[in-house]
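Here's the structure, in structure tokens; my notes come after.
Count residues from 1 along the sequence.
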Amino acid sequence: PNRPIDTYTMASEKRAITSCQTKLYEFTGQAPPPSKNYCQVIVNEKGVVLRVWKINTQVAIHHAGAADSAHEEACTLEEFVHHQTLADEISRAVGSEVLDAALAAASKAVGKKH
């Protein structure tokens, strides 16, 4: 049985994940070449956050007002460990080393919960 999507609950869960201050792992830096994008991966007690700021040196769209220059995804620790969606995005954005470290931190935290 499909349940309707509760966008209010989803939004409040995302706010809780992105506002959590206790970081278990963090990567902040430029994506691997040839990309110029700036990326941040945070694993905290609530979940995992991926932020990507798209940098286009030819158009300079990285200024704060550019609607399509920033992208953020977030999910719970359990979703990250058991589903590939955000993991695939992290791997594409910053590579397998950062993904492996984020998965290790998330898996350790999930293991402590159970």
Side-chain angles (χ1 to χ4, degrees):
N2 291 337
R3 295 185 334 217
I5 296 173
D6 182 352
T7 55
Y8 177 79
T9 301
M10 289 173 55
S12 64
E13 282 179 4
K14 185 174 179 181
R15 275 193 303 278
I17 292 168
T18 59
S19 65
C20 181
Q21 298 299 312
T22 306
K23 296 176 184 169
L24 306 174
Y25 172 79
E26 180 176 17
F27 167 84
T28 304
Q30 189 172 340
S35 175
K36 300 290 184 196
N37 295 347
Y38 190 76
C39 303
Q40 182 178 43
V41 177
I42 298 173
V43 179
N44 61 42
E45 293 177 324
K46 303 273 186 197
V48 180
V49 181
L50 168 65
R51 294 183 179 113
V52 177
W53 292 268
K54 294 182 181 182
I55 308 299
N56 184 331
T57 56
Q58 296 167 344
V59 186
I61 63 165
H62 57 276
H63 60 82
D68 61 348
S69 68
H71 175 75
E72 179 179 282
E73 290 291 326
C75 68
T76 66
L77 291 170
E78 291 81 6
E79 289 171 333
F80 181 65
V81 170
H82 299 294
H83 303 289
Q84 284 297 116
T85 305
L86 187 56
D88 289 343
E89 285 192 48
I90 290 172
S91 181
R92 278 191 299 275
V94 291
S96 62
E97 287 182 23
V98 172
L99 172 60
D100 291 346
L103 276 169
S107 295
K108 185 176 179 182
V110 167
K112 286 182 181 180
K113 286 184 176 183
H114 296 286

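With contacts defined as side-chain heavy-atom distances shorter than 4.5 Å, the pair L77/V48 qualifies. Taking the side chain as every heavy atom from C-beta outward, R51 and I42 approach each other to under 4.5 Å.
Judged by distance alone, the side chains of E89 and S91 never bring a donor and an acceptor atom under 3.5 Å apart.
Among the candidates K54, Q30, H71, the single residue satisfying the side chain to side chain contact (heavy atoms under 4.5 Å, CB included) test with N37 is K54. A side chain to side chain contact (heavy atoms under 4.5 Å, CB included) with V41 is found for one member of V98, T28, V49 and no other, namely V98.
To the nearest 0.5 Å, atoms CZ (R92) and CG (L99) are separated by 11.0 Å. Atom-to-atom distance recorded for H82:NE2 and S107:OG is 7.5 Å, nearest 0.5 angstrom. For the atom pair W53 CH2 and E72 CD, the distance stands at 8.0 Å (nearest 0.5 Å).
Taking all atoms of both residues into account, the shortest heavy-atom contact from A109 to L24 is CB-CD1, 3.6 Å. A pairwise comparison of heavy atoms in A93 and L50 identifies CB-CD1, 4.5 Å as the closest pair. Shortest non-hydrogen contact noted between I90 and F80 is CD1-CE1, 3.7 Å. In this structure, L86 and E73 approach most closely via the heavy-atom pair CD1-CB, 3.6 Å.
For F27, the ring-ring contact (aromatic ring centres under 6.0 Å, His included) test picks out no residue, with sequence neighbours left out.
For E97, the CD atom is loosely surrounded, since the number of other residues' heavy atoms within 6.0 Å does not exceed 12.
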